[in-house]
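Everything numeric in this text was worked out from a predicted model, so none of it was measured. Per chain, numbering begins at 1; letters A, B, ... match sequence-line order.
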Amino acid sequence: MRVYLCSRMSKKVRVRFAPSPTGGLHLGGVRTVLYNYLFAKKYGGDFLVRIEDTDQSRYVKGAEEYIFDTLKWCGLEPDESVQHGGNYGPYRQSERKATYRQYAEQLIKDGHAYYAFDTPEDLEKMRQNFKTEQNTSPQYDNNIRIKMRNSLTLSADETEKLLAEGTKHVIRIKIPLNETVSFTDMIRGEVSFDTSVVDDKVLLKADGMPTYHLAVVVDDYLMKISHAFRGEEWLPSAPVHILLWKYLFGLENMPQWAHFPLILGPNGKLSKRDGAKYGFPVFAMNWTDPKTNELTEGFKEKGFLPEAFINLLALLGWNDGTEQEIFTKEELVEKFSMERVHSAGAKFDYEKAKWFNHEWIKKSGVGSLKSGVKTLLEQKGIVFTKDFLLDEVINIVKDRCTFLTDFVPQSLFFFRAPQTLDVDGVKPKWNEDKKNFFFAYIEKLEGNINWNVVSLENSFKELASEKSIKPGDLLFLFRMMLVGGKFGPPVFNIAELLGKTETIARINKAIILFG
RNA sequence: GGCCCGUUCGUCUAAGGGUUAGGACACCACCCUUUCACGGUGGUGAUACGAGUUCGAAUCUCGUACGGGCUACCA
């Protein structure tokens with residue numbers, strides 16, 4: 001286990017999550033939020049959300065709202081964001097455009113960046129021309145840049161002229177030759193890169209928008225971020241960011257980094273496709289792609305409790321070293337530590353995810369389940385006149401529910417008599433003796449009986465032995481009458497909750513149907 | 001191809017040089033339950049491979065293999 005002390009913990013902890021509004025928030029995204037959130041809350045710091053919408057071509061309408069809806073459902077609301085206010089706005093990168101240009105120009109002035117006038121076609125040609133067996137995808141690096149059209153190869157006059165004419169151009173970082181860039185990752189320890197293999201990344205695009213590389217550094221600085229956490233897919237571009245920090249704001253001001261392991265699907269990095277392919281949700285909530293109108297079911301709609309969702313996500317790559325697996329959000333805040341986050345990727349296991357939800361449903365009280373269950377049942381046309389029955393029903397069936405949606409089949413029959421009875425399935429087990437038994441049982445029920453589980457069961461069994469019928473055969477029939485299927489809580493508990501009138505009515509109705 | 005990160009039961013993981021390598025999910029068996037479940041008990045099952053360091057290696061080092069990520073004017 002690695003322990004890297006947070007050397008700048010004296011500084012107020014401020015972390016950020018920076019989603020790009022290009023689609024639904026998937027497991028990996030929510031876990032990144034979660035870890036950021038837990039870390040911030042553990043140290044009494046701020047959790048900030050800003051929107052990376054600098055790629056307008058991929059911007060998806062509604063995605064930004066969707067992201068905040070997800071955070072809300074998960075209970076991971078930021079302290080600062082577009083929607084929550086704060087003193088470091090604007091929180092959308094598209095609204096900060098002017099700021100980035102200023103820093104990019106600064107870099108050029110200091111000799112750490114340059115203008116590049118190459119067109120996309122030029123770049124394509126370059127990739128073709130310099131492609132070799134050893135180097136299948138040539139980079140715009142210190143070897144190539146001297147062969148391209150940029151302010152390093154052009155004379156100052158030419159450059160001036162091109163700029164004055166408004167020629168389309170980008171600003172690229174000038175990666176130094178033969179330097180080692182290293183930094184300490186809170187999860188992985190020291191990670192280092194040789195600059196000779198890092199390319200001259202575009203910092204400012206031709207449309208004036210920054211790329212992620214420039215924006216993340218500038219925003220983290222201006223928003224006073226103390227700890228920068230993101231997914232492992234960003235590790236290869238870390239040297240670019242370290243260099244930018246060095247050139248622009250000083251390494252002593254740089255946040256502490258941590259790169260989270262990837263959440264993997266059955267085949268590598270979890271993708272949206274995996275959900276459809278393997279039959280489990282990948283997004284926190286339902287997401288409808290506005291372009292294709294394709295709906296991807298979310299964990300919420302599948303019937304996951306938000307408490308279970310963040311619990312299972314937290315444990316995908318982290319544990320507290322004990323055998324505890326069920327954690328409330330408060331416990332996670334208290335026990336979370338970046339040093340215990342794994343460095344290896346974790347494969348998502350839907351079976352285990354279901355187990356977490358099941359545990360949470362069992363653990364939850366009626367109070368926290370009620371409104372969700374009520375909504376689901378109301379969608380099935382149930383009208384509630386007396387809530388106390390619902391309370392009792394939730395208590396009695398929750399142990400058999402894995403998903404919140406399981407409450408529907410498990411409790412619908414309490415509120416509505418079974419619509420169809422499996423008459424053909426019952427017929428072989430039905431005869432005059434049994435019919436007489438149930439007529440007699442109705443008589444007993446209508447008599448002076450205490451309406452509780454014990455009396456109902458005792459009188460049922462007494463009657464059965466009087467009539468010399470095996471209770472097992474009758475119990476099955478009784479269940480079919482009340483429930484309409486081979487499932488549900490003990491049948492006398494059901495009868496007790498159903499009440500006298502309804503129980504007798506269902507028996508009568510079934511007798512007629514069975515003939 | 002290059003660079004980076006990684007590798008303990010099928011999956012999530014514990015074990016910080018000395019453990020019969022522990023737990024959870026899943027699976028199997030039994031018990032409980034006149035339904036379906038829950039629950040209980042038990043079982044199958046792992047240190048990728050090869051060297052080195054050491055009295056002693058899952059643990060430290062190196063190599064190999066395998067997996068993943070990145071290699072865009074995407075994030």
Would [X] pass as a cation-pi partner of [Y], given that its NZ or CZ must be under 6.0 Å from the six-membered ring centre and within 45 degrees of the axis?
| X | Y | value |
| --- | --- | --- |
| A:Arg230 | A:Phe260 | no |
| A:Lys429 | A:Phe476 | yes |
| A:Lys427 | A:Trp430 | no |

Residue whose nearest RNA chain B nucleotide is more 5′ - A:Thr322 or A:Gly268: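 Nearer the 5' end of the strand: A:Thr322.
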
Of A:Leu204 and A:Glu359, the one whose closest RNA chain B nucleotide lies more 5':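 With A:Leu204 and A:Glu359 compared, the 5'-side residue is A:Glu359.
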
Roughly how many Å apart are B:U47 and B:C60, using the C1' atom of each and rounding to a whole number?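 15 Å, rounded to whole Å.
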
P gap between B:C70 and B:U61, integer Å: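 About 27 Å, rounded to a whole number of Å.
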
A:Lys125: what forms a side chain to side chain donor-acceptor pair (under 3.5 Å) with it, not counting sequence neighbours?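 Checked A:Lys125 against side chain to side chain donor-acceptor pair (under 3.5 Å); zero matches.
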
Can you figure out which of B:C4, B:A14, B:C73 approaches the side chain of A:Arg340 most closely?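 For A:Arg340, the side-chain atoms sit closest to B:A14.
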
Below the 4.0 Å mark, does B:G1 have OP1 or OP2 next to a side-chain nitrogen or oxygen of A:Thr132?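 Checking A:Thr132 against B:G1: no side-chain N or O falls below 4.0 Å of OP1 or OP2.
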
Taking only the side-chain nitrogens and oxygens of A:His259, find out if one of them lies under 4.0 Å from OP1 or OP2 of B:G68.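 Looking at the OP1 and OP2 atoms of B:G68, neither is under 4.0 Å from any side-chain N or O of A:His259.
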
So for A:Lys352 and B:A24, does any side-chain atom that can act as donor or acceptor lie under 3.5 Å from a complementary atom in the base?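 Side chain to base: pair found, below 3.5 Å.
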
Contact residues, residues 414-431 of chain A to RNA chain B [heavy atom, < 4.0 Å]: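 When residues 414-431 of chain A is checked for heavy atoms under 4.0 Å from RNA chain B, there are no hits whatsoever.
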
Taking salt bridge (charged side-chain N to carboxylate O under 4.0 Å, His left out) as the definition, give me every residue that meets it alongside A:Arg58, ordered by chain and number, with sequence neighbours left out.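 Listed in chain order: A:Asp55.
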
Check the distance between B:A72's P and A:Gln139's CD and give it to me in whole angstrom.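 The distance from CD of A:Gln139 to P of B:A72 comes to 5 Å, rounded to the nearest Å.
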
Check the orientation of A:Phe117 and A:His169. Use parallel for under 30°, tilted for 30 to 60°, and perpendicular for over 60°.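 If you compare the ring of A:Phe117 with that of A:His169, the planes turn out tilted.
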
